[in-house]
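Only heavy atoms go into these numbers, but all of them, side chains included; no hydrogens, no water, no symmetry mates. Lettering follows sequence order; numbering is per chain, from 1.
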2 protein chains.
Amino acid sequence: MRKASITIKEIARQLDVSKSTVSRALRDSSEISEETKKRVIELAESLNYSPNPIALSLLRNRTQTLGIIVPDIANPFFSTAIGGVEDIAYSRGYHTMIYQSHESYERELADTRHIAMRRVDGLIVSISSQTENHDHFIELQEQGIPVVFFDRVSESTPSHKVRVDDYKGAFEATEHLISRGCKCIAHIAGPPNLSISRNRLKGYQDALTKHGIEFHDEWVVSSEYNQAGGTERAYQLMALKNRPDAIFAASDRIAIGVHWALRQLGYRMPDDIALVGFSDLSISSLLDPPLSSVAQPSFEMGQLAATLLLDLIESKSTPAAFETRVLTSNLIIRQSSMKELVSN
Amino acid sequence: MRKASITIKEIARQLDVSKSTVSRALRDSSEISEETKKRVIELAESLNYSPNPIALSLLRNRTQTLGIIVPDIANPFFSTAIGGVEDIAYSRGYHTMIYQSHESYERELADTRHIAMRRVDGLIVSISSQTENHDHFIELQEQGIPVVFFDRVSESTPSHKVRVDDYKGAFEATEHLISRGCKCIAHIAGPPNLSISRNRLKGYQDALTKHGIEFHDEWVVSSEYNQAGGTERAYQLMALKNRPDAIFAASDRIAIGVHWALRQLGYRMPDDIALVGFSDLSISSLLDPPLSSVAQPSFEMGQLAATLLLDLIESKSTPAAFETRVLTSNLIIRQSSMKELVSN
DNA sequence: CTGAAAGCGCTTACAG
DNA sequence: CTGAAAGCGCTTACAG
């Protein structure tokens, strides 16, 4: 049903010149007379000609397209980061193809293969929580398709990476809770496969150690980065004989689940229990009480990842070394953790 | 930097047969001997051959790609609908390219041109609130690229459409507020360019009329479909001499802004004022008090739009007639509107 | 059963 | 200044 688009051949026919001449005129080649150029360009415009990008792709072996794989497009952290990628990509003449892994290794693998098959020029990825083996990214690179990781990076894959200082963010969040007088601080960590989970956990532990706060194994549990997981873990933690008086959740989605559970269970935040999340989603400030959280510059992370990737794609040579850019996180204190300081 | 992928030509060379033979063997043509087929297929597998989709696209004048334009990818309604589109598209061998209009007509226009240029096989779109002129969609169709609208449909463009019964949803939401004893029901409508806004407004008005409730012009205000707009309008409404005792917001994003404003202003929901939204975003149930809302089957809407579009793309003939599929909305009653019934 | 040739839309040495 | 030819990777009538 597709109407035939108008081609260079058609213009050549109408003007009774060769395809070569039309092609050159359109690209404003200096070897074509002004006269001919003018005729060609005018006709092209009146015919509403636009070059077939498919033909160009075949010629150049480039698609001007970036692939993006994220676990879940509906997660505001990722959709915002994607916005940052698009921002840079479009301004540099590239398109984006978005894939979701849905936290599944199989799906991520399939996406990667698809991307290779589609001859995408490069990939930006935040890995799935179930991914342990990272060979598919290496394979992609061996095929000449550069990969840049953001947020959930692969530690074992040599490549550019963009992340936030998870350790410091978690450390500060925990110190903040300590400074508000919390003594029994629990942590709901993310899946251990992900380096962000491990770094946030470490930041939490080190903050406790620094302040000589006792560390209970039972107060550290792990959850997928979603709300349902947070709710479950909150029930589990609050059921303990030694109940925590604060929870630091490894993500806002987890924290939102916790927030909901705590309200269900009749606890008041921050008096009965303080809560801090990670990512500072825009909804977090709307909860009642509003959620304290470690803010991540998601849009900027997307922009930076795209910039690094495009530079990689467009440079003729392999880069001297891969870099890891670490952006700063920023603790936003709101009511959920503003426990009154009582002198005792 | 891209490594040359292995091609049919390379396989032909190694096996000392012609490209034609390789091509046929790979497509399992009956005119090739089993013997040759086997050799070709084995070598292809060991070489990890995959056909170049760009070459195929050039040949067939088809890209196996669907374009999607939504106002904002970070809006959960849209990201979920996109999930539905992807679900169907992938299972039928298509890819998706996602564009955001950011509620801007210019951006939507640019996206449309891009899509035409990229020779996408079809477009799924939910129009921007600032779009009044719909010619760009007609042009796309004239170029042979079918368009299917969902949610925010174009009334003037002949095409398949997928939407929800906005009128009925709004009518029921308003009747529900009336049944809870509300007498002064305000409505924060969406931008009037959008048919969904007009239909929801009409549903609201007709419900009032049916029950003989007075209709005040000052109680109907309009806002962009976002939170900031909801907050502003709530301030405006509550400042009125004749204060409403209920607000029906045309979307959950608006309602969330209202919810926040009401809490700031010291009103209790639902006792001081009842609130109902539209879309039933997953966060709405987490607010305190949880928000009543008219649920839309967003994932299904995406699936249906994709199915209609793919059928259009793959059918040789123009469809007998375009259809508008209207899915049912569903009022979810939560605490924000569960006003106690007082007998007086 | 297999191959040579044309063609999808374009660019670019190579001639003239 | 302009054109004919080759080629990007593939398929498919057309011959044999």
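- Per the geometry, CZ belonging to B:Arg13 stands 14 Å off P belonging to D:dG9, to the nearest Å.
- In the set C:dG9, C:dC1, D:dT11, the nucleotide with an atom closest to the side chain of B:Glu31 is C:dC1.
- Distance check on atom P: D:dC10 versus C:dC1 gives 25 Å, rounded to whole Å.
- Among the nucleotides D:dG9, C:dG9, C:dG3, the one closest to any side-chain atom of B:Ala55 is D:dG9.
- For the pair A:Thr7 and C:dC8, the criterion of a side-chain N or O lying under 4.0 Å from OP1 or OP2 is not met.
- Here the straight-line distance linking atom CG of A:Asn48 with atom CD of B:Glu139 works out to 8.0 Å at 0.5 Å rounding.
- Mapping A:Thr36 and B:Tyr49 onto DNA chain D via the closest heavy atom, the residue that lands nearer the 5' end is A:Thr36.
- Contact between the side-chain N/O atoms of B:Lys9 and the OP1/OP2 oxygens of D:dC8 is found at a separation under 4.0 Å.
- In this structure, B:Leu56 atom CG and D:dC8 atom C1' are separated by 14 Å, rounded to whole Å.
- Taking for each of B:Ser33 and A:Lys19 the nucleotide of DNA chain C with the nearest heavy atom, the 5'-most of the two is the partner of B:Ser33.
- Residue contacts shown for A:Ser57 are absent, as no nucleic acid heavy atom lies under 4.0 Å away.
- In this structure, the CD1 atom of B:Ile8 is 14 Å from the C1' atom of C:dG3, given to the nearest Å.
- Proximity of a side-chain donor or acceptor of B:Ser126 to a complementary backbone N or O of B:Phe150 within less than 3.5 Å is detected.
- Atom-to-atom, CG of A:Leu58 to P of C:dT12 comes out at 14 Å; the value is rounded to the nearest Å.
- The residue among B:Leu59 and B:Ser18 whose nearest nucleotide of DNA chain C is located toward the 5' end is B:Ser18.
- Atom CZ of A:Arg62 is separated from atom P of C:dC10 by 19 Å (rounded to the nearest Å).
- A:Asp121 places no side-chain N or O within 3.5 Å of a backbone atom of A:Leu66 that could act as its donor or acceptor partner.
- Between A:Arg60 and D:dC8 there is no side-chain N or O to OP1 or OP2 distance below 4.0 Å.
- The pair B:Asp311-B:Arg92 meets the salt-bridge criterion, since a charged nitrogen lies less than 4.0 angstrom from a carboxylate oxygen.
- Comparing atom distances between the B:Arg27 side chain and each of D:dT12, C:dT2, D:dG3 picks out D:dT12 as nearest.
- Atoms CD1 and CG, from B:Ile54 and A:Leu58 in turn, are 7.5 Å apart once rounded to the nearest 0.5 Å.
- Checking the phosphate oxygens (OP1, OP2) of D:dA5, no side-chain nitrogen or oxygen of A:Ser20 falls inside 4.0 Å.
- Contact annotation: B:Arg24 side-chain N/O to D:dT11 OP1/OP2 distance is not under 4.0 Å.
- The partner of D:dG16 is C:dC1, judged by Watson-Crick or G-U wobble contacts that both fall below 3.5 Å.
- Nucleotides C:dA4 and D:dG7, compared at atom P, are 15 Å apart to the nearest Å.
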Give the C-alpha distance, both sets of side-chain angles, the deciding distance and a yes or no for side-chain contact (heavy atoms from CB on, under 4.5 Å) between A:Arg107 and A:Ser128.
CA-CA 9 Å; A:Arg107 185 72 182 257; A:Ser128 121; over 6 Å; no
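- For B:Ile32 and D:dT12, the CD1 to P distance is 13 Å, given to the nearest whole Å.
- Look at CD on A:Gln64: it is 16 Å from P on C:dC10, rounded to the nearest Å.
- For A:Arg119 and D:dG9, the CZ to C1' distance is 9 Å, given to the nearest whole Å.
- In terms of phosphate contacts, A:Ser23 brings a side-chain nitrogen or oxygen within less than 4.0 Å of OP1 or OP2 of C:dT11.
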